[in-house]
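Here the structure is a predicted model, which is why all the values come from computation and not from measurement. Starting from 1, each residue takes its place in the sequence as its number. Order of listing sets the numbers, starting from 1, for every ligand and every atom in it.
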Amino acid sequence: MKNNKTGLKIKQSDEELSDVYEELLAAEEELREQYKELQKSEELLRKSEERYKLAIDGANDVIWEWDIEHNKLFVSDKWTSITGYEINNNTSIKFILDNLIDPDDKNAVIHDLREYFTEKTPYYSSEFRIRTKAGKYRWIFNRGKVRRNNEGRPIIMSGSMSDITERKKSQEMVRHLAYYDSLTNLPNRAFFMDKLNNAIKESKNMNKRCAVIFIDLDDFKRINDTLGHSYGDELLKIIGVLLRICAKDPESVARTGGDEFSVILNNVSDANEVSCYCEKIVNLFKIPLEIWEKHIYSSASIAAAVFPDDGDDADSILKNVDVAMHKVKESGKNKYIFYNNSMRDELLRRAEIDRALRDALAGNEFNIYYQPQVDVKTGRIRGFEALLRWKSKTLGFVSPSEFIGVAEETGLIIPIGEQVLRRVCWQNKVWRGKGYSYDILAINVSPVQMRSQNFSNTVKEIINKTQTKRDTIEFEITESVLMEYTDYNLKLINELKDAGIKFALDDFGTEYSSLNYLKLLPISTLKIDKSFVDQLKNSIVERAINSNIINLAHSLNLSVVAEGVEEGEQVEILKDMNCDEIQGFYYSKPLPAAEAEKLLSAQKTFSI
Ligand code: C2E
Ligand code: CA
Ligand code: CA
């Protein structure tokens with residue numbers, strides 16, 4: 001039994017053993033599996049660590065971690081290549097704040113951090129300049145996130161820092177292109193508008209005044225045309241520099257058009273300050289500018305308006321400076337004018353005239369008056385100047401000095417001038433038909449008419465239709481005709497001269513009075529302006545000038561007509577000077593055709 005028992009026992013323990021053995025085997029197998037797994041994840045970890053390191057090393061950015069509790073800063077190697085500084089004990093937040101970050105940006109950086117720590121912003125990010133070890137500035141974009149402990153206190157912050165210098169440079173370039181004029185490097189119109197809106201906002205808030213000044217070159221086109229564009233460009237550049245020198249704030253000077261500059265004067269105390277500045281600019285132009293060894297004279301028209309006196313927003317201020325500019329240009333250029341409310345009234349009147357003029361042609365509201373020109377030596381009528389008269393149904397009588405300018409601006413002078421030409425040529429035909437003898441009928445021709453495409457053909461067509469005797473029509477033109485489109489106009493004048501038209505230079509003495517033009521133009525008559533004639537009595541100088549002009553005109557085979565002669569004394573002086581003809585109230589006012597005809601039919605010879 002015992003053996004049996006023992007034998008059984010043995011048998012049992014054998015079985016147990018083999019079970020245990022099996023279990024052991026299984027456990028070993030499991031361990032081996034686990035080991036393999038472990039090895040695998042170790043391998044993965046190693047790989048991901050390697051990748052992570054590679055990423056940090058290879059990144060363009062500096063990867064950083066700031067242990068806030070112990071105030072330690074870790075930065076990746078890239079730090080050295082951006083800043084030039086080695087990574088060592090000095091690499092700390094304090095060192096960076098005190099030595100690297102541009103002092104101008106420091107407060108903003110601290111502010112950005114504080115906003116994030118107090119959870120006012122969801123992410124930390126900041127843009128600032130750092131000064132590298134080599135002393136150069138670089139733009140940095142820094143961003144990061146914080147880890148907090150259980151109590152919510154920040155313990156670790158990590159993030160990355162990118163060098164955005166190139167991006168900033170190209171942004172700056174784009175900004176420069178969009179906001180600066182490439183020729184003069186001054187702010188352009190868009191930038192000027194921004195600045196003006198800001199200036200007005202600030203003036204409003206602080207209860208102050210600011211002024212806007214336009215500076216428009218008077219003769220830029222002439223400089224471009226006569227000397228070439230490179231001189232024109234250089235002139236603009238120099239003027240830009242000079243305007244900056246004169247300005248309280250050089251950044252307030254902008255180039256807002258081809259030959260137009262604008263300046264904002266901030267914090268203006270009174271009108272006097274603005275006039276002083278304008279005066280300075282006028283004086284700038286008094287001395288010639290030297291460009292490539294040439295002395296160039298130019299002048300500018302200057303207009304100013306003040307906020308809030310002349311308008312309470314940018315639009316109305318700009319509109320009113322424009323109104324004032326209009327006024328300067330109209331009243332002889334080369335000076336400055338402040339906007340005032342009467343200018344607006346004038347502008348409204350011009351608009352009214354413009355409206356009424358549109359009905360005038362169709363409504364037959366025009367009439368032509370004739371003012372005789374009298375030969376000084378014989379008293380005979382040499383001819384008449386045709387002068388337009390307009391009695392508007394809505395505005396009553398309007399003087400040509402008022403409406404011709406408006407008609408020129410709108411182009412209406414072209415059909416109006418054509419009608420004058422037609423009517424005067426018909427009148428000529430009628431008077432010639434009746435056998436009256438006179439030399440010419442003079443017609444005023446505006447530069448705007450001459451610029452119109454069909455002008456020459458229209459003139460020829462009218463002359464043919466009315467069988468106007470050759471050499472009986474004299475066109476009165478002013479020097480301004482030669483200021484623009486010089487070559488074109490000279491060709492046109494010569495062409496019309498060949499078709500039988502005579503030319504007189506009108507208003508001599510009011511514009512450039514350049515004797516060169518006299519030689520250049522194929523004219524036969526010179527008309528001395530009333531303003532000269534007016535001074536004959538009192539000024540010896542004026543007398544000498546007039547006398548010289550007459551002599552010179554005679555040497556060029558021109559006959560001279562003095563205009564606006566009102567007194568016998570003037571007639572005597574002009575006669576002494578050998579002036580050829582006289583036109584003025586002294587002999588006769590402009591007359592309706594019927595009355596002018598009476599003079600002709602009576603063969604009136606004025607007593608001299
Ligand atoms: P303008 O060509 O210089 O004409 C002479 C102006 O002087 C005329 O003024 C005439 O009436 C005025 N006048 C003549 N003698 C005297 C005088 O002794 N004393 C004074 N104080 N004035 C005198 P008006 O008719 O008012 O014409 C003004 C301007 O309008 C003209 O100046 C001319 O530039 C323009 N104009 C007149 N008719 C026409 C026209 O048919 N076409 C064009 N384009 N312009 C015209
Ligand atoms: Ca005239
Ligand atoms: Ca005249």
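- With respect to atom 15 (N) of ligand 1, the closest heavy atom belonging to the protein is Q371 NE2, 2.9 Å.
- In I404, the part holding a heavy atom less than 4.0 Å from any atom of ligand 1 is the side chain.
- Taking only non-hydrogen atoms, the option from Q419, R389, E566 nearest to atom 19 (N) of ligand 1 is E566.
- Summarising the contacts of atom 23 (C) of ligand 1 with Y369, F585, Y587, F366, the nearest heavy atom is found in F585.
- Salt bridge present: D354 and R358 bring a charged side-chain N and a carboxylate O closer than 4.0 Å.
- Those atoms of ligand 1 that come under 4.0 Å of a heavy atom in K530, given as number and element, are 19 (N), 20 (C), 21 (N).
- Near P590, with a cut-off below 4.0 Å to any heavy atom, the atoms of ligand 1 are 11 (O).
- Relative orientation of the W431 and Y436 rings is perpendicular, given thresholds of 30° and 60° on the angle between their planes.
- Remark: at the Ca ion (ligand 2), atom OD2 from D506 and atom OE1 from E476 enclose 90°, rounded to the nearest 10 degrees.
- R380 and S437 make their closest contact through NH2-OG, 3.5 Å (heavy atoms, listed as atom of the first residue, atom of the second, distance).
- Between P590 and Q371 the shortest heavy-atom distance is CA-CB, 3.7 Å.
- Checking V533, I443, V445, L387 against atom 10 (C) of ligand 1, the nearest heavy atom belongs to L387.
- For the pair R432 and Y438, the distance from NZ or CZ to the six-membered ring centre is under 6.0 Å and the angle to the ring normal is within 45 degrees.
- The nearest N/O/S atom of E385 to the Ca ion (ligand 2) is OE2.
- Only the side chain of D507 comes within 4.0 Å of ligand 1, counting heavy atoms alone; its backbone N, CA, C and O stay farther away.
- For the pair K589 and F585, the cation-pi criterion (under 6.0 Å, within 45° of the ring axis) is fulfilled.
- Here the straight-line distance linking atom NZ of K335 with atom CG of D218 works out to 10.0 Å at 0.5 Å rounding.
- Protein heavy atom closest to atom 27 (O) of ligand 1, with residue, atom name and distance, is P400 CG, 3.4 Å.
- Summary of contacts: the protein heavy atom closest to atom 41 (O) of ligand 1 is L388 CB, 3.6 Å.
- Below 3.5 Å of separation, one finds an N or O of E385 facing an N or O of ligand 1.
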(message) Assess the residue pair E418 and T458 against the criterion (side chain to side chain donor-acceptor pair (under 3.5 Å)); give the C-alpha distance rounded to whole Å, side-chain angles, the decisive distance to 0.1 Å, and a yes or no.
(response) CA-CA 8 Å; E418 189 179 324; T458 310; 4.6 Å; no
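- Interface of G564 with ligand 1, defined as ligand atoms under 4.0 Å from a residue heavy atom, comprises 15 (N), 16 (C), 17 (C), 18 (O).
- The closest heavy-atom contact to atom 45 (N) of ligand 1, among the options V420, D506, N444, D529, comes from N444.
- Distances below 4.0 Å separate heavy atoms of V565 from the following atoms of ligand 1: 18 (O).
- Looking at K589 against ligand 1, nothing comes within 4.0 Å, counting heavy atoms.
- The N, O or S atom of E563 with the smallest distance to the Ca ion (ligand 3) is OE1.
- Enclosure of atom OH in Y297 is not indicated, since only 12 or fewer non-hydrogen atoms of other residues, nucleotides or ligands lie within 6.0 angstrom.
- Under 4.0 angstrom from ligand 1, the non-hydrogen atoms of E563 all belong to its side chain.
- Heavy atoms only, all atoms of each residue included: F475 and L421 are closest at CE2-CD1, 3.7 Å.
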